[in-house]
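Notes follow once the structure below has been shown.
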Amino acid sequence: MMTKHDNLTTDIYASETMRHAAPVEKIPEKGTTPQIAYRMVKDETYAQTRPELNLATFVTTYMDEEATQLMNEAISINYIDETEYPRVAVMCGRCINILADLWNTPEKNTWKTGALGIGSSEACMLGGVAAWLRWRERRKQAGKPCDKPNLVMSSAYQVVWEKFCQLWQIELRTVPLTEECRTLDPEAAVKLCDENTICVVPICGVTWTGLNDDVEALDKALTKYHKESGNDIPIHVDAASGGFILPFIDPHKKWDFRLDRVLSISTSGHKYGLVYPGLGWVIWKDKQYLPKEMSFSVNYLGAEVTQVGLNFSRPAAQVLGQYYNFIRYGREGYKAVQEASMEVARYCHTEIGKMKCFANYSDKVENPLFIWKMCSTYEKTAKWTLYDLQDKLKQSGWMVPAYSMPANIEQTVVMRVVVRQGFSRDMADQLLTDIRNAVAEFEQLKYPTTSRLKLEKQEHQCGKVFTH
Ligand SMILES: *Cc1c(COP(=O)(O)O)cnc(C)c1O
């Protein structure tokens, strides 16, 4: 608040507003100057770590200055106002075309079929809803009940699929990961399918592990199942990370529209699409796979505008950022950036694998991220856990998350590093040094840490034996 004591020459931090607690429950009666409001909000938004040291997130923390400028200049543009900014909608269509092409679409229409979203979450929802509506239409045509739809995927799903299934009341059937089978087992997935399965959702760039489900093997298994059972089940690929990695790193691998059953694919523009948040994309193999019920037309923006999406108004800046990146990097540039991230990820993976206390979860690094665990023999006598390591690294500014794996292998605790543009080999070396130093310090411990004691208590209940 600006009181009679304050005027335009009052120092920001000597103002009444700054001397009082920030508003929590009620809007303040009086306003204040832009400078004071700015400082107050700004002072609350300091980062706990430097964004580029946050190796937990998949989301872009580096863009060119020109891209940042372009996006900042577009901050007031509402994407939905297509009549006011018609070129933004065209740009969005071009991005959809480019992605559809990168994913080998067979669609012949000039404008390929897709939609933008706030992230993969919205894109996954749209892909899921389309699969559900197509299934329902088929069931109706056949005069069969449509009250028990289900969806099949691995237990290492991202939380959006739980949201989708809960909100649309679709049964989520999961194939658990096992110590032997670290990605979706196609045969096990088929066993969960029946006439009510709206689609199977393999993941390229599994959030939990960084691995890719084998979409080609799943496609084959579902075709065999179709012949045997008559149930024709499509695939939606959740390629939140992989959608921008595979086309550049492994263009010959078949995971996309080259496969018969892949009818839709979603990705995050703000992950390896290299755009600041929030941006997601979903592409359908052809217009015929996007149910008509999902397109809505409105006439109150100055023309008839047709839109597919859960949201209406949304920022346009990210579309500009995505299109900028396509022009700026080109195929070669994207390939170089993703390869650089892969290289740093493989380097960290190898170095961590060499440390006697750790074991990598997989020998493969398929996306620029990987997980590791404590080596089982070392774990028997260790006085610390990966949670302690997470805390220790945080003291040097790193955010490297430790977490327990999904159901069935939930007793396994792992640590994950997501390498993104902006994480150089030099930074990797700093991280590795900090990890080695932390471990050396833990090895001097005389007594187990609290987190280790907690773990032992839990594990004891599962019959695992520890000694010190
Ligand atoms: C990140 C992620 C999502 C959700 O994406 P947002 O862009 O954060 O909404 C969905 N699926 C997978 C596999 C992911 O990694």
Side-chain angles (χ1 to χ4, degrees), residues 51 54-61 95 99 103 114-129 131 151-168 172 174-175 177 182-184 189 199-215 218 235-246 255-256 262 264-283 309-311 314-315 317-319 321-322 325 338 341 345 365-371 399 401 403 405-406 414 416-420:
N54 179 358
L55 305 180
T57 184
F58 290 69
V59 175
T60 302
T61 45
C95 288
L99 273 173
W103 297 341
L116 87 157
I118 286 295
S120 269
S121 300
E122 189 183 0
C124 290
M125 295 260 181
L126 293 170
V129 169
L151 179 148
V152 174
M153 67 190 304
S154 102
S155 58
Y157 57 78
Q158 209 270 357
V159 66
V160 62
W161 292 105
E162 211 173 337
K163 292 182 191 171
F164 169 71
C165 288
Q166 190 95 311
L167 297 178
W168 270 271
L172 178 57
T174 57
V175 180
L177 294 188
R182 295 184 169 86
T183 54
L184 176 70
C199 64
V200 180
V201 181
I203 305 166
C204 286
V206 176
T207 326
W208 298 76
T209 64
L211 298 174
N212 294 329
D213 287 339
D214 188 344
V215 191
L218 176 70
I235 293 173
H236 172 92
V237 186
D238 176 352
S241 298
F244 273 100
I245 295 293
L246 286 164
W255 64 278
D256 54 15
V262 175
S264 51
I265 302 174
S266 51
T267 197
S268 294
H270 57 215
K271 290 185 179 174
Y272 291 99
L274 312 177
V275 182
Y276 287 137
L279 182 68
W281 300 101
V282 55
I283 313 282
L310 298 178
N311 233 68
R314 66 178 76 231
Q318 287 75 7
V319 176
Q322 184 75 77
N325 277 352
Q338 316 301 38
S341 296
V365 182
E366 296 181 314
N367 292 283
L369 66 133
F370 67 97
I371 58 173
M399 183 62 219
Y403 54 90
M405 292 293 281
V414 297
R416 185 183 68 195
V417 159
V418 177
V419 176
R420 304 182 304 279

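In listed order, ligands and their atoms are each counted from 1.
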* **Contact check, H270 vs ligand 1, heavy-atom distance below 4.0 Å** => yes

* Any N or O of Q158 that comes nearer than 3.5 Å to an N or O of ligand 1? -> no

* Contact atoms of ligand 1, heavy-atom distance to I203 under 4.0 Å -> 13 (C)

List the atom pairs, donor and acceptor, that lie under 3.5 Å between side-chain atoms in residues 272-282 and the rest of the protein, sequence neighbours left out.
unit_1 : atom_1 : unit_2 : atom_2 : d
Y272   : OH     : V419   : O      : 2.7
Y276   : OH     : M63    : N      : 3.0
W281   : NE1    : Q322   : OE1    : 3.1

* Asked: In the protein, what heavy atom is nearest to atom 9 (O) of ligand 1, and what distance, to one decimal place, separates them?
  -> S121 OG, 2.6 Å

* Assess the side chains of S120 and S268: does a donor N or O sit below 3.5 Å from an acceptor N or O? => yes

* Would you mind checking which non-hydrogen protein atom is closest to atom 11 (N) of ligand 1, with the distance to 0.1 Å? => D238 OD2, 2.7 Å

* Asked: When you measure from atom 13 (C) of ligand 1 to each heavy atom in T267, V418, L369, T207, which option holds the nearest one?
  -> T207

* **Stepwise side-chain contact (heavy atoms from CB on, under 4.5 Å) check, E122 with L116** => CA-CA 8 Å; E122 189 183 0; L116 87 157; over 6 Å; no

* Do the side chains of Y157 and W208 get nearer than 4.5 Å, heavy atoms only? -> no

* So is there a nitrogen or oxygen of S241 less than 3.5 Å from a nitrogen or oxygen in ligand 1? -> no

* Among protein heavy atoms, which sits nearest to atom 15 (O) of ligand 1, and what does the distance come to when rounded to 0.1 Å? -> K271 NZ, 2.8 Å

* Decide side-chain contact (heavy atoms from CB on, under 4.5 Å) for T183 and S154; before the verdict, give the C-alpha distance in whole Å, the side-chain angles of both, and the deciding distance to 0.1 Å. => CA-CA 7 Å; T183 54; S154 102; over 6 Å; no

* To do: Return the residue, atom name and 0.1 Å-rounded distance of the protein heavy atom closest to atom 5 (O) of ligand 1.
  => S120 CB, 3.0 Å

* To do: Consider every N or O of W161 and every N or O of ligand 1, then say whether any pair is closer than 3.5 Å.
  => no

